[in-house]
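Basis for what follows: all heavy atoms, side chains included, without hydrogens, waters or symmetry-related copies. We name chains A, B, ... by the order of the sequence lines, and we start the count at 1 in each one.
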Amino acid sequence: MRKSTLLKSLAAAAVAIGTSFSALAADPIKIGSVLSVTGPAAFLGDPELKTLQLYVESINKAGGVLGRQLQLVHYDDGSDAGKANGFAKRLIDDDKVDIIVGGTTTGSTMSMAPLVEKAEIPFISLAGAVVIVEPVKKWIFKTPHTDRMAAEKVFEDMKKRGLTKVALLSETSGFGASGKKETEGMAGKMGITLVANETYGPKDTDMTPQLTKIKNAAGVQAVFVFGLGQGPAVVNKNYKQLGITLPLYHAHGVASEEFIKLSGPAGEGVRLPAAALLVAEKLAANDPQKPVATGYRKAYNDRYKEDVSTFGGHAYDGLMIAVDAFKRAGGTEKAKVRDAIEATKGYIGTGGRVNMSPTDHMGLDLSAFRMLEIKNGDWALIN
Amino acid sequence: MALLEVENLSIAFGGVKAVQNVSFAVDPGIVYSVIGPNGAGKTTLFNLITGVYTPSEGEIRLDGQSIAGTAPHELALRGMARTFQNLQICMNMSALENVMVGAHLQLDRNLIKAMLRFPALARRDDQLRDEARGLMRFVGLDAYCNLGANSMPYGALKRLEIARALAAKPRILFLDEPAAGLNSKETAEIDELVQKVAESGITVVLVEHDMKMVMNISDRILVLDYGKKLTEGTAQEVRENPDVIAAYLGSTV
Amino acid sequence: MKMISRHKPLLILAGVLLLLPLVLPNNFYYDIAIRMAINAIIVLGLNLLIGFAGQISLGHAGFVGIGAYASAILPTHFGWHPLLAMTAGAAVASVIAAIVARPIFRLKGHYLAMATLGLGIIIAIVIKNEATYTGGPDGMAVPALGIGGFTINGEKQWYWVLAGLLLFSFWASKNLIDSPFGRALRALHGSEVASQVMGVDIVRYKVAIFILSAFFASLMGSVTAHYIGFVTPNIADFFHSIELVTMVVVGGMASIYGSLIGAVLLTALPQALSTFEGWETVVFGSILIFCMIFMPRGLVPTLAERFGGRGEDK
């Protein structure tokens with residue numbers, strides 16, 4: 001008998017908690033977001049969230065969009081793609097958002113993808129992998145450059161220098177594994193021969209064995225490292241310790257000031273492809289990206305007192321593309337907004353010039369990447 | 001033929017020989033007691049016979065078949081049951097369920113049938129519940145049937161151990177100090193209960209400190225001292241044995 | 001009459017499940033209810049192992065992962081029927097459980113915890129590394145669960161499927177606990193030596209219940225995969241294992257309905273706390289600490305006792 005009262009009161013409590021979830025009237029434009037603000041992908045999700053909060057605030061101060069305020073509804077998936085799926089349902093069914101910007105990792109994006117497709121709601125992902133937009137999914141777009149583009153940009157630069165025999169060293173993380181696959185594919189297309197193909201774990205602290213193998217690989221002319229976080233900086237140090245003098249390239253995942261600091265003197269001469277954002281001040285005065293990049297950089301720096309990262313830039317681009325689409329669609333009707341996003345042309349963002357089309361839901365080409373080199377402890381543009 | 005035969009049984013823990021060269025035989029249907037001062041090896045002897053320990057040397061035979069080193073749950077199959085000096089009651093279960101566990105081997109223990117509650121299994125369980133109540137009554141615990149074992153007093157738990165052992169329908173029952181820690185009235189009741197059990201045809205092997213009780217109900221008595229057999233015989237013989245008197249250092253036997 | 005009284009909590013649960021859709025405002029709440037049910041069934045199996053048999057497993061998410069990935073990989077790469085894949089996953093989980101159980105259950109206490117922990121981590125690593133089949137850390141899509149031309153589709157249909165599974169699981173668990181098998185299981189928790197002497201082959205029972213809970217976990221892994229339509233290695237990782245054990249402990253060890261309450265609360269809590277903006281982990285942790293200090297035996301047993309019940313609902 002008592003157990004039944006217990007159950008009843010628990011059910012009542014559950015309903016009470018439930019009603020408090022419910023959202024307010026749908027007057028503002030609701031921008032939903034699921035980001036990995038905590039957990040292993042926090043270094044991506046944290047600047048993304050900060051950027052969204054910063055710009056939703058400043059857009060609202062300036063009068064909002066179409067005379068309506070923006071309302072950001074965000075959830076932290078803790079870098080767990082399974083949770084992202086649940087939060088996406090909440091955004092769609094409970095918060096009834098008008099658009100979703102976010103999905104920090106490829107995993108969370110893909111776990112949300114079937115839901116947004118079914119619910120027919122525009123979705124701009126901030127994650128990297130090609131699978132998000134290839135094959136094209138009607139309601140899904142993304143802002144970051146793909147790992148395939150990074151490989152292409154690097155190989156392009158190598159070929160300019162006459163380097164065709166390359167050793168690949170990739171991390172066994174999701175980012176590295178996907179990069180490895182795309183690099184292998186791109187090598188064939190671009191006439192590059194992979195003479196060595198090594199991997200390391202995301203938490204490894206010594207890559208000497210892999211680099212020794214690479215050093216001894218027959219005919220090797222350059223080395224390409226595909227990783228995130230600390231690993232690539234360790235590679236730089238080991239590289240110098242082993243006295244390897246071959247040109248060393250990294251992927252776009254380590255494009256941050258932090259990477260230079262971690263590498264120290266060992267970073268000198270290392271090249272990588274990155275968005276213009278990283279070298280905003282060094283861009284030519286007539287570069288169309290200069291105002292956007294410096295503007296975002298300054299706003300972010302002023303507010304948070306920390307360096308910008310390209311990841312926050314992806315969120316900036318996602319939000320701005322969405323806002324632009326709302327304006328052109330003249331409202332929040334989902335099909336119209338989707339069409340407007342797909343029709344985005346010549347939008348200049350932190351990531352590059354975006355030209356979407358029914359067959360391209362990312363809209364970036366290779367010009368979005370700049371080839372950078374570390375010189376005297378700072379980034380230098382290579383033309 | 002003797003029901004239980006023990007021959008030259010020994011066990012050593014490290015360098016300590018807890019039981020040394022002990023031999024005896026228990027005929028069916030009697031009450032056989034093992035006595036001796038504290039640390040004489042009585043409980044160790046029980047643990048050896050009931051399979052909790054494996055002997056270092058020697059032989060144990062039940063119905064003429066060797067059982068030394070056999071696992072306890074296999075000995076249960078052969079009709080052996082016991083109680084424990086330091087209570088081994090399942091405090092996470094009700095008193096009645098403790099008794100029902102005793103009947104474990106007589107039941108259908110299939111997992112799938114249990115989950116789907118096959119009617120035959122459910123019927124047998126209901127029947128067992130009644131039998132278990134009967135056993136609770138037999139040991140004088142009717143009042144505790146519906147209680148959790150953890151809310152029963154010490155004296156009642158001692159009897160619960162006996163009820164659980166009886167549920168196994170054993171041929172030979174080992175009781176390890178059933179009266180330890182009980183007052184004289186409770187001891188007298190246990191005394192009576194053990195006799196009732198013996199009268200029902202179950203062979204009883206008893207370890208007990210209460211000499212009055214031992215002398216009163218035992219058909220034969222084995223005396224251990226420092227792990228060795230001191231003597232064996234009827235109550236009368238043991239009482240008059242000078243070695244026994246010496247071992248107990250003048251305590252009235 | 002007797003049957004009704006034996007299963008009174010189950011009937012109440014059935015009533016709640018039947019009426020719940022009347023108060024669920026939208027699919028999101030159905031989603032939460034479905035996740036609660038999935039967790040409750042896994043936790044129930046785990047509670048049979050931890051609470052009733054007294055054996056710890058810190059690697060149970062590994063079995064959930066096996067089921068989830070069997071349902072993702074076998075139909076996608078090999079064209080198996082989802083039901084067959086689900087069965088195969090559960091079979092593989094059971095076989096792995098059976099193989100490791102015997103050596104594992106020779107261990108006790110910390111060693112057992114470490115061994116199961118290791119097992120879970122190994123499964124998670126394999127899933128992460130075999131990217132050709134599993135999609136690696138980014139995960140992979142799972143086809144819908146269709147049975148004879150009918151495809152389970154949408155939260156409302158899944159809700160009724162899970163409601164049915166939940167009721168069946170509680171009914172079967174309650175039956176198990178009250179059977180000779182269940183009593184032997186609880187007895188070996190209460191006293192290993194006494195249960196052995198009563199004829200219980202304790203290793204056999206520990207192994208059997210470990211397999212059963214792995215089987216439950218794998219099946220629900222498959223259900224999760226089909227329901228969400230996407231799996232990532234997180235489903236098999238250590239934190240998920242800990243989450244499951246926490247549900248057992250908070251709800252109440254050796255309490256069937258504690259499993260339900262633990263799963264319901266710990267599934268709802270992160271959602272309810274998501275408005276705390278970065279403080280949710282702190283609040284979540286505080287609630288757990290509070291529970292453990294003031295209700296160390298878990299919610300259901302503690303409350304049942306406080307409100308004068310018999311202390312244990314089993």
Measuring from atom [atom1] of [X] to atom [atom2] of [Y], what distance do you get when rounded to the nearest 0.5 angstrom?
X: C:R204; Y: B:H73; atom1: CZ; atom2: NE2; answer: 9.0 Å
X: B:D125; Y: C:N175; atom1: CG; atom2: CG; answer: 10.5 Å
X: B:M80; Y: C:M198; atom1: CE; atom2: CE; answer: 12.5 Å

Of the non-hydrogen atoms in [X] and [Y], which two are nearest, and what is the gap between them?
X: B:M115; Y: C:W171; result: O-CZ3, 3.9 Å
X: C:S179; Y: B:A114; result: OG-CB, 3.2 Å
X: B:M93; Y: C:R183; result: CE-O, 3.6 Å
X: C:P180; Y: B:H104; result: O-ND1, 4.2 Å
X: B:C90; Y: C:A187; result: SG-O, 3.4 Å
X: C:A194; Y: B:F84; result: CA-CE1, 3.8 Å

Relative to chain C, which of [options] shows the most heavy atom pairs under 4.5 Å?
options: B:M100, B:M91, B:K113; value: B:M100
options: B:L75, B:L116, B:V52; value: B:L116
options: B:L111, B:T50, B:L77, B:T83; value: B:L111

**OP:** Provide the full list of side-chain hydrogen bond (donor to acceptor under 3.5 Å, both in side chains) pairs with a residue in residues 36-49 of chain C, sequence neighbours left out, each pair given once.
**Re:** C:N39-C:T267, C:N47-C:S259
Subject >> Under 4.5 Å from any heavy atom of chain C - which part of B:R164 >> reply: both
**OP:** Pick one of side chain, backbone, both or neither for B:N98, based on which atoms fall under 4.5 Å of a heavy atom in chain C.
**Re:** neither
Subject >> Results of side chain to side chain donor-acceptor pair (under 3.5 Å) for B:T54 - residues two or more places apart only >> reply: none
**OP:** For B:N92 and C:R186, indicate whether the former's side chain and the latter's backbone hold a donor-acceptor pair under 3.5 Å.
**Re:** yes
Original post:
Non-hydrogen atoms of chain B under 4.5 Å away: do they reach the side chain of C:L188, the backbone, both or neither?
Top reply: neither
